[in-house]
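Below, all heavy atoms of this structure are taken into account, side chains as well, without hydrogens, waters or symmetry copies. Both counts, for ligands and for their atoms, begin at 1 and track the order of listing.
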Amino acid sequence: MSEHNLGPADQLDEGDHLIVELKGREVAVYNIGDDYVAYPNWCPHQGGPLCEGSASGTVDRCFDRETLETETMWVKEGEVVVCPWHGWEFDLRENGFLHDTDSTLPSYPVRVEDGNLVVSL
Ligand code: FES
C-alpha cells in the first residue's frame, strides 16, 4: 500500500470533489461535510466514469397504508453520486448502490494529515 499527498484539504469545499490519477487509476476524493471519502472513478455496473458528476441527493418516498398517501422527500444531500452513463446512484457514506444493498463500491482510505489530504492505495 502506498500513500499519496493530494495537497491542502481546504481545496475542497463541502460537497466538492476532485479526480486525480494515482498508480494509473483515476481516484475521486469527496468532501462530504464532516468526512472525506475516496473511490475509483469507475462504476461497477458497466465501467462508466462514476465520479464525473457532482455529489447530490436523492428522492425517497414513504407510503402511508392508513391514509394511502405518498410523501416524497429529498434526502442525503451531498452524499449521493449518480453515474452519468445509466443513472445508478451510490451512497458515498455507505459506499453502496442505493437500490441494491449487495452492490458496493471499492473505497480507499483517506485522511487529513497536517492539513493535507492523504489517500492510501
Ligand atoms: S456504467 Fe454506471 S450506471 Fe451503467
Side-chain angles (χ1 to χ4, degrees):
M1 184 174 286
S2 57
E3 297 191 325
H4 304 269
N5 186 330
L6 305 185
D10 63 7
Q11 68 185 297
L12 289 180
D13 291 330
E14 183 174 339
D16 284 349
H17 75 287
L18 60 81
I19 298 175
V20 295
E21 187 168 324
L22 302 173
K23 296 174 77 174
R25 300 177 221 172
E26 288 190 346
V27 175
V29 179
Y30 289 85
N31 174 344
I32 54 172
D34 57 353
D35 206 2
Y36 293 91
V37 293
Y39 295 101
N41 186 21
W42 172 86
C43 179
H45 177 222
Q46 290 184 354
L50 176 61
C51 303
E52 286 189 353
S54 57
S56 184
T58 191
V59 172
D60 193 14
R61 291 186 179 86
C62 180
F63 178 69
D64 186 327
R65 292 180 182 270
E66 297 284 323
T67 64
L68 302 181
E69 292 179 2
T70 301
E71 181 182 2
T72 302
M73 302 159 287
W74 185 252
V75 297
K76 296 182 177 274
E77 176 60 34
E79 299 177 7
V80 175
V81 63
V82 181
C83 180
W85 280 13
H86 310 104
W88 283 28
E89 297 178 308
F90 292 87
D91 185 324
L92 292 169
R93 272 196 201 284
E94 306 293 331
N95 68 314
F97 179 46
L98 281 174
H99 308 287
D100 175 359
T101 54
D102 291 335
S103 295
T104 59
L105 290 172
S107 61
Y108 303 113
V110 57
R111 68 181 191 282
V112 176
E113 184 175 299
D114 297 328
N116 293 314
L117 290 169
V118 178
V119 176
S120 301
L121 61 132

### Query
By number and element, which atoms of ligand 1 are closer than 4.0 Å to a non-hydrogen atom of W85?
1 (S)
### Query
Do any N/O/S atoms of C43 come under 2.8 Å of atom 4 (Fe) of ligand 1?
no
### Task
Assign the ring pair W88 / H45 to parallel, tilted or perpendicular, where the plane angle (0 to 90°) is split at 30° and 60°.
parallel
### Query
Any idea which atoms of ligand 1 are less than 4.0 Å away from a heavy-atom of Q46?
1 (S)
### Query
Any idea which N/O/S atom from H45 gets closest to atom 4 (Fe) of ligand 1?
ND1
### Task
Output yes if H86 passes the N/O/S-under-2.8 Å test against atom 2 (Fe) of ligand 1; output no otherwise.
no
### Message
Closer than 4.0 Å to some heavy atom of G48 - which atoms of ligand 1 meet that?
### Response
1 (S)
### Query
What are the two closest heavy atoms between E52 and N41, and how far apart are they?
N-OD1, 3.9 Å
#### Entry: Donor-acceptor contact present, side-chain Q11 to main-chain L6, <3.5 Å
yes
### Query
Should the proximity of W88 to ligand 1, defined as any heavy atom under 4.0 Å, be assigned to the side chain, the backbone, both, or neither?
both
### Message
Show me which atoms of ligand 1 lie under 4.0 Å from any heavy atom of C83.
### Response
1 (S), 2 (Fe), 3 (S)
## Note on the structure
Heavy-atom nearest pair, V112 first then A9, reads CG2-CB, 4.0 Å
### Query
N31 side chain to L12 main-chain N or O, any donor-acceptor pair under 3.5 Å?
yes
### Message
So, applying side-chain contact (heavy atoms from CB on, under 4.5 Å) with H4, which one of V110, L121, V118 is it?
### Response
L121
